Novice: 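Structure in structure tokens, see below.
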Amino acid sequence: GIVEDNAFTFSARDASELYINCLTDIRRVVYGSSDELFFSVNNNRFVNAQTSGWYNDTQICSIIEQEARRSVMTNYTAPMRIVGSLERAPFQMEAFDRATLLNNCIAAFTATRQGSTDELTFSLNGAPFQRITTSGWWNTPARACKALIQNIDAIIR
């Protein structure tokens, strides 16, 4: 997932271990309180959590742990091949699960060396291209990936 603009991956056998692993490692991802959290558990749809205040590290880990207890493994196992452009810079990526998609997306968008962007075009598995825009700016690869993945989640269910 992503906390603010920082990507993370936590692994565990169950929700309780996930909570402990999160608490152990969250400080290397977040340096203070955060108000944005975007993550997937067990290859399920991404969860977008935002607050008008701030989440501390224990609240972030609790949100992730609660989603792990609610989630069941998704049946979507087809490969995802995404091609497109971020502004005018082309990209392509492949993934079999949502966690890999997020990591590959951040790497691909970082490689385009774009600064602030507001336009993204993509095709999932050869489907017609879709255009995504924002009224502001995606200032980091993580923010642009969040927009892309929310659109992909709506397609693959």
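Bear in mind that the values here come from a model prediction, so they are computed numbers and not experimental data. Along the sequence shown, residues carry numbers from 1.
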Novice: Can you name the one residue among L120, L101, D153 that meets side chain to side chain contact (heavy atoms under 4.5 Å, CB included) with L148?
Specialist: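 Per the side chain to side chain contact (heavy atoms under 4.5 Å, CB included) rule, the option paired with L148 is L120, out of L120, L101, D153.
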Novice: Which residues satisfy the side chain to side chain donor-acceptor pair (under 3.5 Å) test with D57, sequence neighbours excluded?
Specialist: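 Counting only residues at least two positions away or on another chain, D57 forms a side chain to side chain donor-acceptor pair (under 3.5 Å) with R27.
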Novice: Please name the pair of heavy atoms, one in L86 and one in A144, separated by the smallest distance, quoted to 0.1 Å.
Specialist: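 So the two residues come closest at CD1-CB, 4.2 Å.
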Novice: Is it true that a side-chain atom of D118 and a backbone atom of G136 form a donor plus acceptor pair closer than 3.5 Å?
Specialist: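 The answer is no, because no donor-acceptor pair under 3.5 Å joins these two groups.
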Novice: Is a side-chain N or O of T117 found less than 3.5 angstrom from the main chain of E119, in a donor-acceptor match?
Specialist: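 Judged by distance alone, no pair lies under 3.5 Å.
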Novice: For side chain to side chain contact (heavy atoms under 4.5 Å, CB included), just list the numbers for E36 and D5, CA-CA rounded to whole Å, side-chain angles, deciding distance to a tenth of an Å, and then say yes or no.
Specialist: CA-CA 9 Å; E36 290 182 55; D5 292 329; over 6 Å; no
Novice: Out of the candidates I2, V3, V47, only one should pair with F38 under the side chain to side chain contact (heavy atoms under 4.5 Å, CB included) rule; please name it.
Specialist: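 Per the side chain to side chain contact (heavy atoms under 4.5 Å, CB included) rule, the option paired with F38 is I2, out of I2, V3, V47.
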Novice: Is any side-chain heavy atom of R45 less than 4.5 Å from a side-chain heavy atom of Q150?
Specialist: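 SC-SC contact between R45 and Q150 ruled out.
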Novice: May I have the step-by-step check of ring-ring contact (aromatic ring centres under 6.0 Å, His included) for F109 and F91, ending in yes or no?
Specialist: CA-CA 7 Å; F109 286 3; F91 67 84; 4.8 Å; yes
Novice: Side chains of T100 and F96, heavy atoms from C-beta outward: is any pair under 4.5 Å?
Specialist: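 The answer is no, as the side chains (C-beta and beyond) never meet within the 4.5 Å cut-off.
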Novice: For side chain to side chain contact (heavy atoms under 4.5 Å, CB included), just list the numbers for E65 and R70, CA-CA rounded to whole Å, side-chain angles, deciding distance to a tenth of an Å, and then say yes or no.
Specialist: CA-CA 9 Å; E65 181 261 344; R70 277 194 297 272; over 6 Å; no
Novice: Under a 4.5 Å side-chain heavy-atom rule over Ile, Leu, Val, Met, Phe, Trp and Tyr, are I63 and L23 clustered together?
Specialist: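 I63 does not cluster with L23.
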Novice: Hey, does F39 have a side-chain heavy atom less than 4.5 Å from the side chain of T9?
Specialist: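 No - every pair of side-chain heavy atoms lies 4.5 Å or more apart.
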Novice: List the atom of C145, the atom of L102, and the distance in Å for their closest heavy-atom pair.
Specialist: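 That closest heavy-atom pairing would be CB-CD1, 4.3 Å.
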Novice: Looking at every non-hydrogen atom in both residues, tell me the closest pair between P141 and I106 and how far apart they are.
Specialist: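 Smallest interatomic distance, heavy atoms only, reads CB-O, 4.0 Å.
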Novice: Please confirm whether the backbone N or O of R81 pairs with a side-chain atom of N125, one donor and one acceptor, at under 3.5 Å?
Specialist: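 Looks like yes, one N/O pair under 3.5 Å.
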Novice: With no hydrogens and no angle check, is any side-chain donor or acceptor of S85 less than 3.5 Å from a backbone partner on R88?
Specialist: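 No.
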Novice: Just verifying a value: how many Å separate Q130 CD and I152 CD1, rounded to the nearest 0.5 Å?
Specialist: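 Going from the CD atom of Q130 to the CD1 atom of I152 covers 9.0 Å.
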Novice: Indicate yes or no: at least one non-hydrogen side-chain atom of N21 is less than 4.5 angstrom from one of Y19.
Specialist: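 Result no, sub-4.5 Å side-chain heavy-atom pair not found.
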Novice: Return yes if some donor-acceptor pair links the side-chain N/O of E17 with the main-chain N/O of D14 below 3.5 Å, else return no.
Specialist: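 Not confirmed, E17 side chain does not pair with D14 backbone.
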Novice: Are the side chains of I82 and Q92 in touch, meaning some heavy atoms are under 4.5 Å apart?
Specialist: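 Not touching, per the 4.5 Å side-chain cut-off.
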Novice: What heavy-atom pair brings N43 and R98 nearest, and what distance separates the two atoms?
Specialist: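 Scanning both residues completely, I find the closest heavy atoms to be OD1-N, 2.7 Å.
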Novice: Say you draw a straight line from CD of Q59 to OG1 of T51; how long is it, rounded to the nearest 0.5 Å?
Specialist: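 Q59 atom CD to T51 atom OG1 measures 8.0 Å (nearest 0.5 Å).
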Novice: What heavy-atom pair brings D35 and G53 nearest, and what distance separates the two atoms?
Specialist: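 Answer, listing the atom of D35 first, then G53: CB-O, 3.4 Å.
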Novice: Checking F129 against L124 for the side chain to side chain contact (heavy atoms under 4.5 Å, CB included) test, could you report, in this order, the C-alpha distance in whole Å, the side-chain angles of both residues, the deciding distance, and whether it holds?
Specialist: CA-CA 8 Å; F129 280 86; L124 173 64; over 6 Å; no
Novice: Is the shortest side-chain heavy-atom distance between F122 and V83 below 4.5 Å?
Specialist: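 F122 vs V83: side chains apart.
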Novice: Does N104 reach the main-chain N or O of E94 with its side chain, forming a donor-acceptor pair under 3.5 Å?
Specialist: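 Between the backbone of E94 and the side chain of N104 there is a qualifying donor-acceptor contact (under 3.5 Å).
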Novice: Side-chain contact, heavy-atom cut-off 4.5 Å: M80 with I156?
Specialist: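 Of all side-chain heavy-atom pairs linking I156 with M80, at least one is under 4.5 Å.
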Novice: What are the two closest non-hydrogen atoms of M93 and A108, and how far apart are they?
Specialist: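 Scanning both residues completely, I find the closest heavy atoms to be CE-CB, 4.1 Å.
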Novice: Could you check whether S16 and R69, counting side-chain N and O atoms only, form a donor-acceptor pair closer than 3.5 Å?
Specialist: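 Their side chains do contain a donor-acceptor pair, which is all the 3.5 Å distance test asks for.
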Novice: Find the distance between CH2 (W138) and OG (S116) and round it off to the nearest 0.5 Å.
Specialist: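 With rounding to 0.5 Å, CH2 (W138) is 11.5 Å from OG (S116).
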Novice: Less than 4.5 Å apart, any side-chain heavy atom of N56 and any of I60?
Specialist: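 Not in contact.
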Novice: For the atom pair SG (C61) and CG (L18), what is the distance rounded to the nearest 0.5 Å?
Specialist: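 Separation between the atoms: 8.0 Å.
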